[in-house]
Amino acid sequence: MTKTGIFVGSFDPFTIGHDSIVRRALPLFDRLVIGVVGDNVQKPYMCPAEERMQAIRQLYADEPAIEVKPYYGLAVDFARQEQARFIVKGVRSAKDFEYEREQADINRRITNGEVETILLYAEPQLSSISSSMVRELQHFGQDITPFLPRR
């Protein structure tokens, strides 16, 4: 049986922090599906999902265990759709931890324990990097390439 995990987010943009989580999660699974939010009413300014997915696909073009797909709705529904038993989440701070702990508890409850959340802590040098910070720097004309993964 294939061990599948999902890593979901808006990834607008996909940062070196996201890349770190993917590369550290990959050895845990036979298949890792990166789910790109296709409809986020809280972030209507996002780049189109297809653009975000294409950039991520290019980054992992040489990694057959990684798939990139859009997802809509709840992460647990996406996990079920992909036959994944694990949701991978990155945690940068105590605030992130509390939020993800609550989400993991709810996800466990609504799936009767069929979907488990795995938290991977950000590498210390990456803990201040977020997509929103990168978008803000870009808005103000700063070079954001140091915060984006290179192929």
Side-chain angles (χ1 to χ4, degrees), residues 1-40 42-43 46-93 95-135 138 144-151:
M1 185 165 145
T2 302
K3 190 182 300 182
T4 301
I6 64 167
F7 179 50
V8 296
S10 55
F11 306 125
D12 186 28
F14 192 84
T15 69
I16 56 177
H18 296 128
D19 181 55
S20 169
I21 297 297
V22 167
R23 293 189 188 282
R24 292 167 46 218
L26 194 55
L28 304 174
F29 303 102
D30 301 311
R31 178 174 166 253
L32 182 63
V33 182
I34 300 173
V36 178
V37 172
D39 61 346
N40 192 332
Q42 294 176 340
K43 298 179 182 179
M46 286 191 308
C47 290
E50 191 54 47
E51 285 180 30
R52 290 177 279 135
M53 288 188 305
Q54 189 57 34
I56 298 167
R57 283 184 185 124
Q58 287 176 359
L59 182 63
Y60 300 112
D62 297 332
E63 183 48 69
I66 294 178
E67 297 176 32
V68 182
K69 298 182 176 186
Y71 94 95
Y72 304 88
L74 297 175
V76 291
D77 292 335
F78 184 63
R80 287 175 175 148
Q81 173 190 318
E82 295 300 321
Q83 299 179 329
R85 292 212 43 244
F86 304 94
I87 299 174
V88 176
K89 301 297 284 195
V91 177
R92 295 172 302 196
S93 65
K95 180 180 170 186
D96 283 356
F97 174 81
E98 281 303 317
Y99 176 80
E100 297 301 346
R101 184 193 57 76
E102 290 173 3
Q103 291 295 309
D105 181 45
I106 296 301
N107 289 342
R108 229 182 350 269
R109 287 177 186 219
I110 65 177
T111 64
N112 294 316
E114 292 176 14
V115 177
E116 190 64 59
T117 300
I118 297 174
L119 300 179
L120 293 179
Y121 296 96
E123 296 177 79
Q125 71 273 20
L126 302 177
S127 65
S128 63
I129 297 171
S130 68
S131 292
S132 55
M133 180 272 304
V134 172
R135 282 192 311 274
Q138 185 176 36
I144 61 169
T145 55
F147 305 106
L148 304 177
R150 293 189 202 115
R151 181 145 162 40

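Counting from 1, the numbers follow the sequence of the chain as shown.
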From OG1 (T117) to CD (Q103), nearest 0.5 Å
8.5 Å

Can you confirm whether P70 sits close enough to M53 that some side-chain heavy atom of one is under 4.5 Å from a side-chain heavy atom of the other?
yes

Minimum-distance pair of heavy atoms, taken over all atoms of I16 and P149:
CG2-N, 3.5 Å

Would you check, one step at a time, whether the test side chain to side chain donor-acceptor pair (under 3.5 Å) holds for T4 with E82?
CA-CA 8 Å; T4 301; E82 295 300 321; over 6 Å; no

Minimum heavy-atom distance G9-Y71, with the two atoms named:
N-CE2, 4.2 Å

Atom CD in E123, atom CZ in R23: separation rounded to 0.5 Å?
11.5 Å

Closest heavy-atom pair and its distance - G35, F78
CA-CE2, 3.6 Å

Search all heavy atoms of R52 against all heavy atoms of C47 and return the closest pair with its distance.
NE-O, 2.8 Å

Relative to the ring of F86, is the ring of F29 parallel (under 30°), tilted (30 to 60°) or perpendicular (over 60°)?
tilted

Under the 3.5 angstrom rule, does the side chain of R92 hit a backbone N or O of I129 as a donor-acceptor pair?
yes

What is the distance from atom CZ of F147 to atom CD of Q138, rounded to the nearest 0.5 Å?
12.0 Å

Are side-chain N/O atoms of D96 and Y121 paired as donor and acceptor at under 3.5 Å?
no

Side-chain (R31) to main-chain (E67) donor-acceptor, under 3.5 angstrom
no

For D105 and R101, what are the C-alpha separation, side-chain angles and deciding distance, and is it a salt bridge (Lys or Arg N to Asp or Glu O under 4.0 Å)?
CA-CA 6 Å; D105 181 45; R101 184 193 57 76; 5.7 Å; no

Counting only N and O atoms by type, is there a donor-acceptor contact under 3.5 Å from the side chain of T15 to the main-chain atoms of L148?
no

Checking side-chain contact (heavy atoms from CB on, under 4.5 Å) for the pair R108/E116: CA distance, chi angles, key distance, verdict?
CA-CA 6 Å; R108 229 182 350 269; E116 190 64 59; 3.1 Å; yes

Look up atom CD1 in I118 and atom CD in E100, then write down how far apart they are to the nearest 0.5 Å.
13.0 Å

I66 side, atom CD1; L32 side, atom CG - distance, nearest 0.5 Å
5.5 Å

Pairwise distance CZ(F11) to CD1(I34) - rounded to 0.5 angstrom
6.5 Å

Looking at E50, E51, E63, which one forms a salt bridge (charged side-chain N to carboxylate O under 4.0 Å, His left out) with R57?
E50

Compare all side-chain heavy atoms of D19 with those of Y60 and state whether any distance is below 4.5 angstrom.
yes

Shortest non-hydrogen contact from I87 toward A75
CD1-CB, 4.1 Å

Quick one: closest heavy-atom pair of A49 and G38, and the distance?
CB-CA, 4.0 Å

In terms of heavy-atom contacts, does CD of Q83 have more than 12 from other residues, nucleotides or ligands at under 6.0 Å?
no

